[in-house]
Amino acid sequence: MKIHNFSAGPCILPQDVFQQASKAVLDFNGLSILEISHRSKDFVAVMDRAQALALEHLGLTDKGYKALFLGGGASMQFLMTAYNLLEKKAAYLNTGTWSDKAIKEAIAFGEIIEVASSKDANYNYIPKDYEVPIDADYFHITSNNTIFGTQLKSIPQVGIPLVCDMSSDIFSRQMDFTQFDLIYAGAQKNMGPAGATLVVVKEDLLGKVTRHIPSMLNYQTHISKDSMFNTPPVFPIYVSMLTLEWLKNNGGIEAIEKVNNDKAALIYGEIDRNELFQGFAAVEDRSNMNATFSLRDETHKELFDTMWKDASISGLNGHRSVGGYRASMYNALPLESVQILVNVMQELEKKA
Ligand SMILES: *Cc1c(COP(=O)(O)O)cnc(C)c1O
């Protein structure tokens, strides 16, 4: 039976990728992918290909950037970015739980200027009027706020290095990625299974802080060893490579962005039309990846929950800090799944 997986992460990946990955567990040139050396020719080729595809999709090939696949999740990057880049002062835009956590990690390394925050409105919008101090070492933003369903529709131009947590919308929309100096993304939202984190960093950004950086937390260590300083998360990197290959075979970001726009238009259209529902995020900041919404009248909850579960929909419950529902519509989720959800919302309207 086909399940429509709206989970926020770990999340849906292409079926083709699951099939190829499961084959590689049994037989990857004779051995299992799980038992080969990360220094073997076959895995080095996987790492090279994954790095090349990541840069290619972002339009950053031969532009002074390195792609690394590290462990520790996006949460480790909250710490590593500050460790490597923060000498005196850094600026942060606080647009959600993840930005907030990034700020908390950075505080130990210098002065943190929170240029704006939407915390007082439970992060239901993206602050737009703020000033970024030009003497800060970098400005940190979160491009998509997975929990609250908001997304930066335009990227602030600030004239200082720009660091972006792109965990939940990387490879989902076209952008000029050269405006970023460092991008990081946990694999498990749009790229692969949990366990690997992609870091794309402009090399000339590094080596400027005076503190000693422990080897494992130092981007330059990982760059000098081509992301193989220690044993990398071999299987998550392999599956990420397959997903990036899938994306390329399906027309790349340009093509997937069109589908993502269609999915978002479909669900938000229904949220706005159907009087039983209301959206959570400010309309102009609505995320194309995570749509947050709720029932206006909680007495319909039991019926609605039964109906979407009966329609083989999974992962629709909202995060505990928002409540209601969250439909996560990452690259691998087909338009058809969103249509099924919209049908259920329309049937509820008839029954309620
Ligand atoms: C999920 C998520 C994180 C945390 O990722 P981990 O890999 O679990 O550490 C950070 N930032 C954003 C935007 C996320 O969606």
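Whatever order the structure lists them in is the order used to number ligands and atoms, beginning at 1. When reading the values below, keep in mind they use all heavy atoms of this one structure, side chains included, and skip hydrogens, waters and symmetry mates.
- Protein residues are said to neighbour a ligand when one of their heavy atoms lies under 4.0 Å from it; for ligand 1 these are G73, A74, S75, F78, W98, T142, N144, T146, D165, S167, S168, Q188, K189.
- Listed by chain and number, the residues in a salt bridge (charged side-chain N to carboxylate O under 4.0 Å, His left out) with E349 are R273 (sequence neighbours excluded).
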side-chain contact (heavy atoms from CB on, under 4.5 Å) between V163 and I141, intermediate numbers included: CA-CA 6 Å; V163 174; I141 57 175; over 6 Å; no
Listed pairs under 3.5 Å, donor-acceptor, residues 58-68 side chains, sequence neighbours left out:
residue	atom	partner	partner atom	Å
K63	NZ	G59	O	3.1
Y65	OH	T178	O	3.2
Y65	OH	F180	O	2.6

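- Cation-pi geometry between K104 and W98 is not met at under 6.0 angstrom from the ring centre and within 45 degrees of the axis.
- In K88, the NZ atom is not crowded: 12 or fewer heavy atoms of neighbouring residues, nucleotides or ligands sit closer than 6.0 Å.
- For residues 256-285, every residue pair satisfying the ring pair (Phe, Tyr, Trp, His ring centres under 6.0 Å) rule, not counting sequence neighbours, is listed here: F277-F293, F277-F304.
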